[in-house]
There are 2 protein chains.
Amino acid sequence: MVTIQEISRITNFAPSTVSKALNGYPEISQKTREKILKVANELNYFPNATAKSLVKKKSNTIGVVFEVEYGLNNLFFSTILEAFRKQVEIKGYDILLLSNNTDNGLNYLNHCRSKQVDGVLIVSKGSNKDAINELLESELPVLSFDPEEEMKNSIYSESYFAIKKACRYLYNLGHKKIAFIQGDLTNYIGKTRYNSYMDFMIEIGNEPIVIKGLNNSLYTYEEGYKTMDMILQQFGLPDAVCSSSDLMALGAIAYLKDQGYKIPDDVSVIGFDDIKMCEIVHPKLSTIRQDYELIGKKACETIISMIENKITEFDPVIIDSELVIRDSCKRRR
Amino acid sequence: MVTIQEISRITNFAPSTVSKALNGYPEISQKTREKILKVANELNYFPNATAKSLVKKKSNTIGVVFEVEYGLNNLFFSTILEAFRKQVEIKGYDILLLSNNTDNGLNYLNHCRSKQVDGVLIVSKGSNKDAINELLESELPVLSFDPEEEMKNSIYSESYFAIKKACRYLYNLGHKKIAFIQGDLTNYIGKTRYNSYMDFMIEIGNEPIVIKGLNNSLYTYEEGYKTMDMILQQFGLPDAVCSSSDLMALGAIAYLKDQGYKIPDDVSVIGFDDIKMCEIVHPKLSTIRQDYELIGKKACETIISMIENKITEFDPVIIDSELVIRDSCKRRR
DNA sequence: CGTTTACACGAAATCGGTTTCGAATAGATT
DNA sequence: AATCTATTCGAAACCGATTTCGTGTAAACG
């Protein structure tokens with residue numbers, strides 16, 4: 001690689017002068033700047049980002065935390081990451097996929113510090129909540145898409161009114177027995193959706209149809225399938241199902257189909273997320289759309305603003321979500 | 001962050017001694033090593049990876065190149081990346097998502113050099129083939145999952161015999177009019193699948209049913225949908241469809257369903273990839289499975305061996321693929 | 001013409017590590 | 001006791017940038 005010292009030797013200017021010329025310092029005359037730039041271009045010079053990071057204490061890199069099990073291999077999370085990446089790239093940052101290597105003691109936080117990561121986006125977190133909390137409480141700018149109890153430093157889709165809107169929609173189609181498939185009740189989003197459903201059932205004065213004590217922490221197809229099984233056993237066939245994720249909704253539909261029911265003729269089902277699959281399956285899944293592009297964009301803006309203004313705490317960013325009506329819900333006969 | 005100099009001050013050993021002690025050099029006595037390690041642990045010392053990279057000229061980071069359009073937002077590619085990541089993590093490397101910023105002249109290669117990336121995995125490439133070729137011809141260890149004409153430095157699933165097996169399977173079910181949905185004919189994989197299909201049709205002495213001149217470069221659902229439309233218009237209804245990707249197969253199925261046909265009763269369809277969705281859709285899609293875990297593992301092994309042994313060229317690594325029979329194909333009535 | 005001021009550039013320190021090579025010490029050898 | 005050897009450690013250079021501060025020169029001023 002071409003270094004500043006090489007340009008220095010060739011142009012007979014000191015390394016410091018070369019550096020200043022390349023970085024647009026005003027104290028360099030037009031003439032010498034041109035000479036230096038000319039040589040730099042001829043040699044195809046690009047600064048060594050490592051050296052730069054070392055002295056500037058800034059790497060132009062944003063770390064991303066991902067659960068191992070259902071990480072990238074999950075359209076929902078990977079869609080967010082992709083949207084985020086697109087924005088981040090524009091701003092001149094790179095994305096480093098972080099690991100939490102407990103073997104060598106290099107947990108998330110130490111890893112971030114070691115690699116001089118400027119900020120961190122937590123897309124999804126697995127079992128290692130301790131390592132995550134260390135991150136959140138550190139001096140680093142951290143943004144979480146998967147907030148815990150307290151909601152600080154987080155970005156997420158509005159869920160409370162969204163679930164109510166979905167339930168209201170089902171109710172207005174004539175459905176009374178509306179079942180709910182919950183997600184991860186240990187995090188804020190999962191809890192909010194659950195509470196919203198419970199509140200709605202109280203409003204309309206119906207008994208909630210939900211499996212108590214169940215925690216579908218991964219929001220997967222398989223969990224949806226099993227939950228639907230339990231619902232049928234415990235409550236019999238509901239009129240409609242409201243699910244905390246599209247994948248679980250699809251799992252529920254699969255179970256119902258396996259039992260010989262028709263969707264939406266026998267049961268209406270609505271999901272949450274609007275992953276790309278919704279339009280591919282049959283019937284096309286009605287759902288609540290999360291605005292991935294906007295989430296990615298806002299997440300990027302927020303985290304870069306945190307980095308540049310050195311803030312480590314801010315109010316949650318809440319992105320509107322929208323009811324998308326397709327073919328999986330039908331008026332009750 | 002705690003530095004070596006701090007430990008040096010506290011222990012009264014020179015920085016060089018501290019460094020050696022921490023890195024297990026034999027010339028350090030047991031006594032001083034213990035003293036130094038004790039202090040390092042107490043202060044929760046971790047080496048600054050940036051500084052280390054600078055002097056060692058090795059960052060323990062592997063760059064990953066992804067197409068922007070259909071990058072992470074594609075279960076196929078993200079599954080590979082996830083498998084790769086899992087392996088790479090174990091070996092102590094991080095993954096940096098690379099961008100090709102032509103604005104500031106920081107193309108892939110310069111970006112890699114600047115960030116001191118040790119090796120590169122090309123998962124999918126978009127339109128900027130020049131930037132990719134620069135990478136391939138550089139001094140960096142590069143591994144491509146999406147090889148061009150020449151197949152050097154690549155890893156991919158066996159496709160030629162796989163497509164033949166799929167076609168043979170359809171043929172043995174009694175189908176004569178077997179249509180083919182091609183993928184990207186400008187790259188090796190796409191071409192191989194196409195050629196395999198064409199050879200098979202010659203073998204069985206039937207006319208190929210394929211849209212000439214069509215290039216489905218993104219292997220998407222929408223492309224499959226459109227292609228199926230064109231096939232019906234140009235050739236009428238085939239007995240079976242062999243697709244170069246699952247997503248295109250699903251698109252084709254959707255089109256056929258929209259036209260009122262039943263799958264697999266009227267048309268048998270087989271895909272390629274075995275993305276997770278295959279088991280979720282109805283009917284469950286028969287397909288050719290790519291062994292993602294093995295691809296990830298081999299890719300990791302290969303690239304790390306390239307890095308450690310400083311080889312930049314090697315023969316292609318070919319991963320076996322397997323026919324998976326589900327519900328989307330049926331014996332011809 | 002002497003002094004001030006602005007401008008342009010360079011020397012040197014720094015970031016946090018690694019590595020080479022030389023020196024001091026302790027122990028072994030004759 | 002003198003010499004040799006092995007062991008252990010430290011000084012200093014280095015990786016490739018940035019940044020502070022000082023200096024020399026030319027222009028501007030009285």
Side-chain angles (χ1 to χ4, degrees), chain A residues 1-37 39-40 43-61 92 104 106 110-118, chain B residues 1-37 39-40 43-61 92 104 106 110-118:
Chain A
M1 265 188 57
V2 185
T3 68
I4 277 195
Q5 351 290 332
E6 264 184 70
I7 300 181
S8 162
R9 278 205 318 269
I10 294 175
T11 59
N12 280 323
F13 287 108
S16 51
T17 305
V18 175
S19 173
K20 287 174 199 160
L22 293 171
N23 288 295
Y25 278 54
E27 68 210 61
I28 303 297
S29 75
Q30 197 57 30
K31 243 196 285 184
T32 70
R33 184 188 307 284
E34 275 165 13
K35 279 188 206 165
I36 289 172
L37 252 59
V39 174
L43 298 184
N44 190 31
Y45 167 83
F46 281 98
N48 181 319
T50 310
K52 206 164 176 168
S53 298
L54 183 57
V55 48
K56 303 262 279 191
K57 295 183 176 308
K58 180 155 190 305
S59 63
N60 272 271
T61 303
N104 53 15
L106 212 57
N110 287 329
H111 201 147
C112 286
R113 286 184 178 148
S114 171
K115 286 268 184 172
Q116 308 252 89
V117 153
D118 299 328
Chain B
M1 265 188 57
V2 185
T3 69
I4 278 195
Q5 350 291 331
E6 265 186 68
I7 301 181
S8 161
R9 278 205 318 268
I10 295 175
T11 59
N12 279 324
F13 287 108
S16 51
T17 305
V18 175
S19 173
K20 288 174 197 161
L22 294 170
N23 288 295
Y25 278 54
E27 66 210 61
I28 303 297
S29 75
Q30 197 58 29
K31 241 195 286 180
T32 72
R33 183 189 309 284
E34 275 166 12
K35 278 188 207 165
I36 289 172
L37 253 57
V39 174
L43 298 184
N44 190 30
Y45 168 83
F46 282 98
N48 181 319
T50 310
K52 207 165 179 168
S53 298
L54 183 58
V55 50
K56 303 261 280 188
K57 293 179 179 309
K58 181 155 188 302
S59 62
N60 272 269
T61 302
N104 54 14
L106 212 58
N110 287 330
H111 201 148
C112 287
R113 286 183 179 149
S114 172
K115 286 269 182 170
Q116 307 252 88
V117 152
D118 299 329

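No hydrogens, no waters, no symmetry mates; every other heavy atom, side chains included, goes into these values. Per chain, numbering begins at 1; letters A, B, ... match sequence-line order.
Spacing between atom NZ of A:Lys115 and atom C1' of C:dG17 amounts to 15 Å, rounded to whole angstrom units. Following rounding to the nearest Å, A:Lys31 (NZ) and C:dC7 (P) show an atom-to-atom distance of 16 Å. Counting to the nearest Å, the P atom of D:dC9 and the CD atom of B:Glu34 are 12 Å from each other. Per the geometry, OH belonging to A:Tyr45 stands 10 Å off C1' belonging to D:dT18, to the nearest Å. Here the P atom of nucleotide C:dG16 and the CG atom of B:Asn23 are 17 Å apart, to the nearest Å. With rounding to whole Å, B:Leu54 atom CG is found 14 Å from D:dC14 atom P. Following rounding to the nearest Å, A:Arg113 (CZ) and C:dG16 (C1') show an atom-to-atom distance of 16 Å. Straight-line distance from the CG atom of B:Leu22 to the P atom of C:dG16: 15 Å, rounded to whole Å.
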Got a list of protein N/O to nucleotides 25-28 of chain D N/O distances below 3.5 Å?
none

Would you list the protein and nucleotides 22-27 of chain C atom pairs, both N or O, that sit under 3.5 Å from each other?
none

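Sorted by first and then second residue, the salt bridge (charged side-chain N to carboxylate O under 4.0 Å, His left out) pairs involving residues 10-25 of chain B (not counting sequence neighbours) are B:Lys20-B:Glu27.
Across all strands, A:Ile28 comes closer than 4.0 Å only to sugar-phosphate atoms, never to a base (heavy-atom distances). At a threshold of 4.0 angstrom between heavy atoms, the contacts of A:Val18 with the nucleic acid are absent. Residue B:Thr32 is classed as a sugar-phosphate contact, given heavy-atom separations below 4.0 Å to backbone atoms only.
Although no hydrogens or angles enter the test, the distance criterion places a donor-acceptor pair under 3.5 Å between the side chain of A:Asn48 and the main chain of A:Thr50. Between the B:Ser19 side chain and the B:Pro15 main chain, no donor and acceptor come within less than 3.5 Å of each other. Between the A:Ser59 side chain and the A:Gln116 main chain, a donor and an acceptor come within less than 3.5 Å of each other.
Applying the side chain to side chain donor-acceptor pair (under 3.5 Å) rule to A:Asn110 yields the partners A:Asn107; only residues at least two apart in sequence or on another chain are considered. Evaluation of the side-chain contact (heavy atoms from CB on, under 4.5 Å) rule for A:Lys35 yields A:Phe13 as partners, not counting sequence neighbours. Annotation: salt bridge (charged side-chain N to carboxylate O under 4.0 Å, His left out) contacts of A:Lys57 (sequence neighbours excluded): none. Under the rule for a side-chain contact (heavy atoms from CB on, under 4.5 Å), the partners of A:Glu34 that lie at least two apart in sequence or sit in another chain are A:Gln30. For A:Lys58, the salt bridge (charged side-chain N to carboxylate O under 4.0 Å, His left out) partners two or more places apart in sequence, or in a different chain, are A:Asp118. Residues meeting the side-chain contact (heavy atoms from CB on, under 4.5 Å) test with A:Asn12, sequence neighbours left out: none. Contacts of B:Arg113 classified as salt bridge (charged side-chain N to carboxylate O under 4.0 Å, His left out), with partners at least two apart in sequence or in another chain: B:Glu139. Listed by chain and number, the residues in a side-chain contact (heavy atoms from CB on, under 4.5 Å) with A:Leu43 are A:Val2, A:Ile7, A:Ile10, A:Val39 (sequence neighbours excluded).
Dashed line: the shortest gap from a side-chain N or O of B:Asn48 to OP1 or OP2 of C:dC15 is not under 4.0 Å. Proximity of A:Tyr25 to the phosphate of C:dC9: no side-chain N or O atom is located under 4.0 Å from OP1 or OP2. Between A:Ser29 and C:dC9, a side-chain N or O to OP1/OP2 separation shorter than 4.0 Å is present. Between A:Lys57 and C:dG16, a side-chain N or O to OP1/OP2 separation shorter than 4.0 Å is present.
Near-neighbour residues of DNA chain C inside residues 5-17 of chain B, defined by a heavy atom below 4.0 Å, number-ordered: B:Gln5, B:Ser16.
Counting only N and O atoms by type, the side chains of A:Lys115 and B:Thr61 include a donor and acceptor under 3.5 Å apart.
Between D:dC15, C:dC9, C:dT19, one nucleotide has an atom nearer to the side chain of B:Val55 than all others, and that is D:dC15. Listed nucleotides: C:dT18, D:dA17, D:dC9. Nearest to the side chain of B:Lys56: C:dT18. Comparing D:dG10, D:dG16, D:dT19 by their nearest atom to the side chain of B:Lys20 picks out D:dG10. Here the nucleotide nearest the side chain of A:Ser19, chosen from C:dC15, C:dC9, D:dT18, is D:dT18.
Nearer the 5' end of DNA chain D, as judged by each residue's closest nucleotide, is the contact made by B:Gln30, out of B:Gln30 and A:Lys52.
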